[in-house]
Novice: 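First the structure, then my questions, so here it is.
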Amino acid sequence: MTGNSKLTSDPALTGSWVLKSARYTSADGTVQEFDAAKLRSIKLISGAHFSYITHLEDGSFYAAGAGTWRAEGGKYQELLTHTSTAAMLGRSYAFRYRVGEDYWHIDGDEDGMQIEEIWQRA
């Protein structure tokens, strides 16, 4: 999924998704695991755009972002054009993905952190 390649968007990803579980492994091997009660997140995908907002278990704000997305050949890519985390602005993140009727599984590396997330169609 390079900058000049023609990318297509997988229509199976279009819609509303809620995070069911997440596992984040840092470069030093530290693992953080979250279920839907501890990390509440919703992601909306429509056309070429996506957005997400995440709150912690106590309802406090954690993060939000939006931008463009593309998917092709089992690879999903987001370009953040709006974000609550300044260091992520303008960054592109690529993940492997699988999508079923009611679930979406992504995994990949984000700034040295290994990410595994399972989303459920809302």
Novice: Give the intermediate values and the outcome of side-chain contact (heavy atoms from CB on, under 4.5 Å) for residues Tyr62 and Ser41.
Specialist: CA-CA 9 Å; Tyr62 180 74; Ser41 189; over 6 Å; no
Novice: Going hydrophobic residue to hydrophobic residue with side-chain gaps under 4.5 angstrom, can you get from Met113 over to Leu19?
Specialist: yes
Novice: Looking only at atom types and distance, does a side-chain atom of Thr85 sit under 3.5 Å from a main-chain N or O of Ala87, one as donor and one as acceptor?
Specialist: no
Novice: With salt bridge (charged side-chain N to carboxylate O under 4.0 Å, His left out) as the rule and sequence neighbours excluded, what pairs involving residues 76-86 come up?
Specialist: Lys43-Glu78
Novice: Let me confirm one number: the OG-CD distance from Ser26 to Gln114, rounded to the nearest 0.5 Å.
Specialist: 11.0 Å
Novice: When you compare the side chains of Tyr24 and Glu117, does any donor N or O come within less than 3.5 Å of an acceptor on the partner?
Specialist: yes
Novice: Measure the OG1-CD distance between Thr68 and Gln77 for me, rounded to the nearest 0.5 Å.
Specialist: 8.0 Å
Novice: Is there a donor in the side chain of Tyr93 and an acceptor in the side chain of Asp111, or the other way round, less than 3.5 Å apart?
Specialist: yes
Novice: What distance do Met88 atom CE and Leu80 atom CG have between them, rounded to the nearest 0.5 Å?
Specialist: 5.0 Å
Novice: Are Phe50 and Ile42 connected in a single hydrophobic cluster, I mean Ile/Leu/Val/Met/Phe/Trp/Tyr linked by side-chain heavy atoms less than 4.5 Å apart?
Specialist: no
Novice: Do the side chain of Ser9 and the main chain of Arg70 share a donor and acceptor less than 3.5 angstrom apart?
Specialist: no
Novice: Do we see a donor-acceptor contact under 3.5 Å between the side chains of Asp10 and Tyr97?
Specialist: yes
Novice: Which pairs pass salt bridge (charged side-chain N to carboxylate O under 4.0 Å, His left out) with one or both residues in residues 25-38, sequence neighbours excluded?
Specialist: Arg23-Glu33
Novice: For Thr25 and Val31, which heavy atoms make the closest approach, and how far apart are they?
Specialist: OG1-CG2, 3.8 Å
Novice: Grab the two heavy atoms, one from Leu79 and one from Gly90, that are nearest each other, plus how far apart they are.
Specialist: CD1-O, 3.4 Å
Novice: Under 3.5 Å, is there a donor on one side chain and an acceptor on the other for Arg98 and His105?
Specialist: yes
Novice: Would you name the heavy atoms of Ser46 and Thr14 that are closest together and state the gap between them?
Specialist: CA-CG2, 4.3 Å
Novice: Hey, could you give me the NE2/NE2 distance between His82 and His49, rounded to the nearest 0.5 Å?
Specialist: 8.5 Å
Novice: Count I, L, V, M, F, W, Y as connected when their side-chain heavy atoms are under 4.5 Å apart, and connections chain through other members. Are Ile115 and Tyr76 then in the same cluster?
Specialist: yes
Novice: Using a 3.5 Å distance criterion without hydrogens, assess whether the side chain of Trp69 forms a donor-acceptor pair with backbone atoms of Gly47.
Specialist: yes
Novice: Quick check for you: to the nearest 0.5 Å, what is the distance between Gln120 atom CD and Ser21 atom OG?
Specialist: 10.5 Å
Novice: Output, in order, the C-alpha distance, side-chain angles, deciding distance and verdict of side-chain contact (heavy atoms from CB on, under 4.5 Å) for Leu39 and Thr54.
Specialist: CA-CA 7 Å; Leu39 195 65; Thr54 304; 3.6 Å; yes
Novice: Kindly assign one of parallel, tilted or perpendicular to the pair Phe61 and His55, based on the angle between their ring planes and the thresholds 30° and 60°.
Specialist: perpendicular
Novice: Assigning hydrophobic clusters by single linkage (Ile, Leu, Val, Met, Phe, Trp, Tyr; side-chain heavy-atom cutoff under 4.5 Å), is Val18 placed with Ile53?
Specialist: yes
Novice: Determine whether Ile118 and Val99 fall in the same hydrophobic cluster, where Ile, Leu, Val, Met, Phe, Trp and Tyr are linked whenever their side-chain heavy atoms lie under 4.5 Å apart.
Specialist: no
Novice: Test side-chain contact (heavy atoms from CB on, under 4.5 Å) on Phe95 and Glu110 and set out the steps.
Specialist: CA-CA 9 Å; Phe95 302 95; Glu110 181 179 299; 3.8 Å; yes
Novice: Would a line drawn from the ring center of Trp17 to the ring center of Tyr52 be shorter than 6.0 Å?
Specialist: no
